[in-house]
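In what follows, a single structure is set out as structure tokens and then discussed.
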There are 2 protein chains.
Amino acid sequence: MGVHINACNKCEIRDTALCSALPEVEADRLHKIAYRRHYPQGKVIFDGGEEPESFAIVISGVVKLVRTKRDGRQQIVGLQFSSDFVGRPFGDLGSLMVEAATDIELCCLTRKPFENLLQQHPILERVLLQRTFDELDAARQWMFVLGRLSARAKVASFLQHVVERSHRVVGKDPVTVCPQQQFELPLSRTETGDYLGLAIETISRQIAQLKTEGIIETVGLRAMRVLDFPRLQAWAENEG
Amino acid sequence: MGVHINACNKCEIRDTALCSALPEVEADRLHKIAYRRHYPQGKVIFDGGEEPESFAIVISGVVKLVRTKRDGRQQIVGLQFSSDFVGRPFGDLGSLMVEAATDIELCCLTRKPFENLLQQHPILERVLLQRTFDELDAARQWMFVLGRLSARAKVASFLQHVVERSHRVVGKDPVTVCPQQQFELPLSRTETGDYLGLAIETISRQIAQLKTEGIIETVGLRAMRVLDFPRLQAWAENEG
DNA sequence: ATTTCCACTTGACCTAGATCAAAGGAGCCG
DNA sequence: CGGCTCCTTTGATCTAGGTCAAGTGGAAAT
């Protein structure tokens, strides 16, 4: 992976994986159609109606992908962290709703120009293909969590996942997780329930339990600290 | 979608979506590196060790994608039916195990030549990208089933899915589901449990229930007939 | 400061589905 | 044909987690 200087605080696309694979000239073209955009927590970015007008890479914050049934029940089918992408070139997102779980910064690529670039530069498309396969892997990983783990293991898996992803930043190599380090929870209890397929009371109880066992420590409602990472991991695997 | 004559019963790749998007000349090149292969039910096609030597499209039968944990618990994270693909060019499948759920025919594309073709013909890569996004959508759809549905709704969803996919055949446009039509169950009860995140006894009871309500009719252990498709669909949505 | 509101927590139940255990049934072999 | 094995069904419990209801606490409004 090449070293990149963040040449532009307007879009920061040079720091993304999409860009880092590219030769300088093509990176420039990508840069020309990129712009940065901020959304406040809770803002719906795309709601399944019309085609979204752009493709985006998450710079900071967390985006949630939600699938809703008419009766109101919803399942969060994905969380996109810093450096993940959102959108589907040459197609639409289906019935997916995209929402800012926290305040977020996106690096947006206007749809048409981005599709043109993809067509002209196969290497770009290659990178996108690989990332899409990675997403698919992650989705399948999560299917295991939903289908086979106990409530406690689900909660532990979730916390582990958030810790690991929160400390990774666009343009930086993955940061080793520093224990004791505080991190933000991107989801409310209700949302966490929708992500894990659990009732909110269950989430609450499991977190309480992890606290009394000295594995985690909460800092207000939306942040916590992991005191015993190995033990958290053990729980995430259903051993206890 | 263009009309294609199955020019080759040796590989049948001309019938696949991968090929149907291509101009004649490139379709020929694809055809040259394709070969057909048969696997008996239960055969492990790829077990997560070394890189698979090829990419494949399912011609007939059902392939299951399994994620296993060291303690033996496993989750079936995907079923690939006729016309679906299996594999990941330019990368590996991760910890996924691929197994023939029924007797299957695959149209295989040797890895290296296929990757070369992909590099030379961006249109091919485009098609693959779209199919990968489709897979991702399907995986997320399934996450909803796993996370939010009751046992009965899971079983109904599963049956519905199998019916719909079973009647679609490589090279043919989707066949409208004909009620009363018999279809094969690609999975044993145990496997169904691993797919739905349920105990096998629960599967058995739910199927029994659907039978006594006159919604389905079993034909031996590995086949059945849907008598009341609308009501099956209603169950799949948790209404009943 | 005090009220209000809302998200979270905690407690007391209760059901869906897991688990355990005991029959069926179907294919296979002698 | 009978006996064996393996898978499935059915029955009887048990329990994790859902549901319902009553607090609690922190932030914004008054």
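We name chains A, B, ... by the order of the sequence lines, and we start the count at 1 in each one.
Rounded to an integer number of Å, the gap from Arg189(B) CZ to dG17(C) P is 17 Å. Rounded to an integer number of Å, the gap from CG of Leu185(A) to P of dC8(C) is 10 Å. Leu187(A) has its CG atom 15 Å from the C1' atom of dC8(C), to the nearest Å. In this structure, Trp235(B) atom CH2 and dA16(C) atom P are separated by 11 Å, rounded to whole Å.
In this structure, Trp142(A) and His161(A) have tilted ring planes: the angle between them lies in the 30° to 60° band. Taking the six-membered ring where the residue is Trp, Phe55(A) and Phe85(A) present parallel rings, their angle staying beneath 30° rather than reaching 60°.
A donor-acceptor pair under 3.5 Å is absent between the side-chain atoms of Gln75(A) and the main chain of Thr68(A), judged by distance alone. No donor-acceptor pair under 3.5 Å is formed between the side chain of Thr202(A) and the backbone N or O of Leu198(A). Side-chain atoms of Ser82(A) come within 3.5 Å of backbone atoms of Val170(A) as a donor-acceptor pair (strictly under, hydrogens ignored).
Defining each end axis of the helix from dA1(C)-dT30(D) to dG30(C)-dC1(D) as the rotation carrying four pairs' C1' atoms onto the next four, with five pairs an end, the two axes are found to diverge by 30° to 10 degrees.
Along DNA chain D, the stretch of nucleotides lying under 4.0 Å from any heavy atom of chain B spans, 5' to 3', dT8(D) to dA12(D).
Side-chain atoms of Gln130(A) and Arg88(B) form a donor-acceptor pair, as typed in the model, at a separation below 3.5 Å. Donor-acceptor pairing under 3.5 Å is lacking for the side chains of Glu237(B) and Gln233(B). Looking at Ser204(A) and Arg189(A), their side chains never bring a donor and an acceptor atom within 3.5 Å of each other.
Few gaps surround NZ on Lys69(B); more than 12 heavy atoms of other groups in view lie less than 6.0 Å from it.
Contacts between residues 194-208 of chain B and DNA chain C, defined by a heavy-atom separation below 4.0 Å, involve Gly197(B), Leu198(B), Ala199(B), Glu201(B), Thr202(B), Arg205(B), listed by number.
Of the candidates Val86(A), Asp47(A), Val77(A), Val77(A) is the only one forming a side chain to side chain contact (heavy atoms under 4.5 Å, CB included) with Leu96(A).
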